Amino acid sequence: MEPMPSIHSLSPWEPGILALGVFTLMGLVLIIAFFFLASWLGEKKPNPEKLRPYECGIIPTGSARFPYPVAFYLIAAFFLIFDVEATYIFSWAIAFDRLGWPGWLQISFFIVVLLISLFYIWKKGGLEWDPQPGKTQFPGKRHPCQAR
């Protein structure tokens, strides 16, 4: 297998950057045309039933806006961080024999940084799910998930 000469890379008959650009441009034009046609030709008869949010077949009552505790967002962010870290370690484990000792040192440094960050999060209370005694998360309000 020989590399392609660079002189033919802009030819529409050779696989290259021009063919990719034309394909991408045609795809974007087609998508925009379909969106335009759907909005232009689509039936528009709004009524209160269509404008009401769909809640799994249950008629919504009250406002859908209530404050979630920050712990929900923290746990989600920590999960993403440490889940991505697991994919890096897994890909390193697959390529371990080709990476050798330099790869082992790099992944060891990576794991040490992650452990330091985990201990920092732990020390700051980021993994505490229960509220601190004496602190109210929702002053004057009942938490939306509590039984009524």
Side-chain angles (χ1 to χ4, degrees), residues 1 3-4 6 9-10 15-148:
M1 188 159 92
M4 285 188 350
S6 62
S9 65
L10 295 179
I17 194 73
L18 181 64
L20 178 65
V22 169
F23 179 76
T24 303
L25 185 65
M26 287 174 52
L28 288 174
V29 167
L30 190 63
I31 289 170
I32 291 169
F34 283 152
F35 276 133
F36 173 73
L37 286 173
S39 67
W40 184 46
L41 298 175
E43 194 171 334
K44 296 170 189 72
K45 292 183 182 177
N47 61 31
E49 189 68 27
K50 285 184 180 179
L51 297 175
R52 188 171 65 192
Y54 181 73
E55 297 281 340
C56 302
I58 299 171
I59 296 174
T61 57
S63 174
R65 307 280 185 233
F66 56 87
Y68 279 105
V70 175
F72 284 109
Y73 300 108
L74 288 176
I75 296 297
F78 299 153
F79 173 77
L80 286 175
I81 291 168
F82 290 106
D83 191 43
V84 168
E85 160 267 325
T87 60
Y88 282 128
I89 292 176
F90 182 72
S91 60
W92 167 80
I94 290 176
F96 173 72
D97 56 341
R98 288 176 292 213
L99 296 175
W101 285 106
W104 184 84
L105 290 173
Q106 290 173 356
I107 200 70
S108 297
F109 176 75
F110 181 68
I111 292 172
V112 166
V113 169
L114 284 171
L115 285 174
I116 290 171
S117 65
L118 177 64
F119 288 133
Y120 176 79
I121 290 170
W122 194 353
K123 180 182 172 193
K124 291 292 184 180
L127 301 177
E128 296 293 327
W129 186 256
D130 295 330
Q132 299 294 326
K135 288 187 178 179
T136 307
Q137 288 183 341
F138 300 100
K141 294 183 180 179
R142 175 183 286 172
H143 188 278
C145 295
Q146 288 178 344
R148 295 181 181 195

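Note that the coordinates shown come from a computational prediction; the quantities given were computed from them, not determined experimentally.
- Evaluation of the side chain to side chain contact (heavy atoms under 4.5 Å, CB included) rule for Asn47 yields Glu49, Lys50 as partners, not counting sequence neighbours.
- By the side chain to side chain contact (heavy atoms under 4.5 Å, CB included) test, Ala95 pairs with Arg98, Leu99, sequence neighbours left out.
- Here Ile32 pairs with nothing under the side chain to side chain contact (heavy atoms under 4.5 Å, CB included) rule; sequence neighbours left out.
- For the ring pair (Phe, Tyr, Trp, His ring centres under 6.0 Å) test, no residue two or more places apart in sequence or in another chain qualifies with Phe78.
- When each of Val22, Leu18, Thr24 is checked for a side chain to side chain contact (heavy atoms under 4.5 Å, CB included) with Leu20, only Thr24 meets the rule.
- Sequence neighbours left out, the pairs with a member in residues 23-44 that pass salt bridge (charged side-chain N to carboxylate O under 4.0 Å, His left out) are Glu43-Lys45.
- Legend: residues meeting side chain to side chain contact (heavy atoms under 4.5 Å, CB included) with Ser39, ordered by chain and number and at least two apart, are absent.
- Rounded to the nearest 0.5 Å, atoms CD1 (Ile89) and CZ (Phe96) are 13.5 Å apart.
- For Phe82, there are no ring pair (Phe, Tyr, Trp, His ring centres under 6.0 Å) partners at least two apart in sequence or on another chain.
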Indicate every side-chain donor-acceptor pair of residues 101-120 with a distance under 3.5 Å to a residue at least two apart or in another chain.
from: Ser108; atom 1: OG; to: Trp104; atom 2: O; distance (Å): 2.7
from: Ser117; atom 1: OG; to: Val113; atom 2: O; distance (Å): 3.4
from: Ser117; atom 1: OG; to: Leu114; atom 2: O; distance (Å): 2.7

